[in-house]
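Report on the structure given below.
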Amino acid sequence: MAGEAIGRRGLLAAIGAAGLGASTPGAAAAQKLPLTAQTTEGPYYLDLANFRTDLTDGREGVPLDVRLRVLDAAGRPLRGLRTDLWHCDAQGNYSGFGGQGDDRTRGFEGQAFLRGSQRTDRDGQATFATLYPGWYAGRTTHIHVKVHHRERAVLTTQFFLPDALSEFLYTQVSSYQRARLRDTLNSADGIALRAGDTVLGRCARRAGATSRCSRWWSTPPRAR
């Protein structure tokens with residue numbers, strides 16, 4: 001298989017680093033930002049408040065650095081907000097739940113892989129070291145995010161990764177390969193379509209051997 005021949009290091013070097021952003025920091029400060037669309041929380045959220053940067057817990061997959069920046073509508077960074085991130089593993093399984101896998105027989109109760117929380121820094125940024133997510137039936141490739149101000153959630157959303165990159169990884173990298181092909185792209189995912197452009201990322205190549213994913217979130221001014 002091509003992915004096996006390239007190997008993890010070669011594959012990451014070939015992919016480069018992916019940067020996803022609604023805007024640049026300079027542009028954010030200069031103009032009013034559209035509020036990031038709220039989406040459904042989904043059935044696999046756990047309120048663990050597990051503060052950590054590395055979410056991988058030994059799972060297999062392509063390393064992915066996720067950088068989230070939380071701003072108010074005027075582009076001002078929001079500091080100290082708890083930001084939760086969670087997503088499925090390379091085979092589409094969520095930690096903490098049973099009934100996983102294509103046959104719904106796999107159980108991961110009591111585990112917390114690919115879940116974690118950070119507080120935004122003075123620049124409104126939270127950073128996670130995770131893995132590129134896989135897929136499961138009926139959904140396109142996505143990562144969940146929830147932002148809390150004190151005890152209240154002020155943003156619950158998902159962001160969606162590029163179909164071309166996903167298709168390459170799912171067919172060429174062994175940890176993502178499945179007996180079936182995924183059935184939903186970004187253009188056919190109802191949640192992605194309803195959310196619109198504020199949660200769709202753009203990819204750009206950067207130097208380095210780790211895929212890097214960043215996103216600027218705009219939340220209501222009352223979140224300050």
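Both backbone and side-chain heavy atoms feed into the values below; hydrogens, waters and symmetry mates do not.
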**Request:** Decide yes or no for Q172 and L169: does some side-chain heavy atom of the first lie under 4.5 Å from some side-chain heavy atom of the second?
**Result:** no
**Sub-4.5 Å side-chain heavy-atom contact between D57 and R52** = yes
**Request:** Give a yes or no on this: more than 12 heavy atoms of other residues, nucleotides or ligands lie within 6.0 Å of atom CZ of R180.
**Result:** yes
**Message:** With rounding to the nearest 0.5 angstrom, report the OG1 to CG distance, T157 to L35.
**Reply:** 11.5 Å
**ILVMFWY cluster, L155 and V66 together (side-chain gap under 4.5 Å)** = yes
**Prompt:** Roughly how far apart are T56 OG1 and E60 CD, rounded to 0.5 Å?
**Reply:** 11.5 Å
**I143 versus L161, closest heavy-atom pair with distance** = CD1-CD1, 4.2 Å
**Item:** Pair H87, Y132: side-chain N/O donor-acceptor within cut-off below 3.5 Å
**Value:** no
**Item:** Verdict with supporting geometry, F159 and T198, side chain to side chain contact (heavy atoms under 4.5 Å, CB included)
**Value:** CA-CA 9 Å; F159 70 92; T198 62; over 6 Å; no
**Request:** For Q38 and R194, test the side chains for any donor-to-acceptor distance below 3.5 angstrom and give the result as yes or no.
**Result:** no
**Modelled atom types, side-chain donor and acceptor of D84 and S117, under 3.5 Å** = yes
**Request:** Tell me yes or no: between the side chains of Y136 and N93, is some donor less than 3.5 Å from an acceptor?
**Result:** no
**Fill in**
Nearest heavy-atom approach of N186 to T140 is OD1-OG1, 2.7 Å
**Message:** What I'd like to find out is whether the side chain of L165 reaches to under 4.5 Å of the side chain of E167, using heavy atoms alone.
**Reply:** no
**Asked** Taking atom CG of L185 and atom CZ of R139, what is their separation to the nearest 0.5 Å?
**Response** 12.5 Å
**Prompt:** Counting distance only, does the side-chain N/O of Y170 pair as donor-acceptor with the main-chain N or O of Q177 below 3.5 Å?
**Reply:** no
**Prompt:** Would you say the side-chain atoms of T184 and D189 include a donor-acceptor pair closer than 3.5 Å?
**Reply:** no
**Item:** Interatomic distance, H148 atom NE2 to R82 atom CZ [nearest 0.5 angstrom]
**Value:** 4.0 Å
**Request:** Kindly indicate, with the supporting measurements, whether the criterion ring-ring contact (aromatic ring centres under 6.0 Å, His included) is fulfilled by Y44 and W86.
**Result:** CA-CA 9 Å; Y44 299 120; W86 73 102; 9.9 Å; no
**Asked** Between D183 (side chain) and G138 (backbone), is there a donor-acceptor pair under 3.5 Å?
**Response** yes
**Message:** For S95 and R115, which I'm curious about, is there any donor-acceptor pair between the side chains at under 3.5 Å?
**Reply:** yes
**Message:** Determine whether a donor-acceptor pair (N or O, by modelled atom type, separation under 3.5 Å) exists between the side chain of R69 and the backbone of D123.
**Reply:** yes
**Prompt:** When you look at Y94 and F113, which way does the ring-ring contact (aromatic ring centres under 6.0 Å, His included) test go after all the steps?
**Reply:** CA-CA 8 Å; Y94 280 92; F113 56 81; 8.9 Å; no
**Fill in**
Looking only at heavy atoms, the pair that brings A37 and A195 closest together is CB-O, 3.3 Å
**Request:** Keeping the roles fixed (side chain from Q91, backbone from G134), state whether a donor-acceptor pair exists under 3.5 Å.
**Result:** no
**Message:** Distance check, rounded to the nearest 0.5 Å: H144 atom NE2 versus L114 atom CG?
**Reply:** 12.0 Å
**Message:** Between F108 and Q100, is there a side-chain heavy-atom distance shorter than 4.5 Å?
**Reply:** yes
**Fill in**
Note: S187 and D163 closest approach over all heavy atoms is N-OD2, 4.4 Å
**Request:** For the residue pair F128 and L68, establish whether any side-chain heavy-atom pair is separated by less than 4.5 Å.
**Result:** yes
**Item:** Verify same cluster id: Y45, L48 (apolar side-chain graph, 4.5 Å)
**Value:** yes
**Message:** Is the shortest side-chain heavy-atom distance between V62 and L131 below 4.5 Å?
**Reply:** no
**Prompt:** If we only count heavy atoms from C-beta on, is the F51 to R119 side-chain gap below 4.5 Å?
**Reply:** yes
**Item:** Shortest non-hydrogen separation from V145 to T83 and the atoms involved
**Value:** CG1-CG2, 4.0 Å
**Asked** Which heavy atom of F160 sits nearest a heavy atom of I191, and at what distance?
**Response** CZ-CG2, 4.1 Å
**Message:** Side chains of R182 and T141: any donor to acceptor distance under 3.5 Å?
**Reply:** yes
**Request:** Could you grab the distance from atom OG1 of T120 to atom CD of Q125, nearest 0.5 Å is fine?
**Result:** 10.0 Å
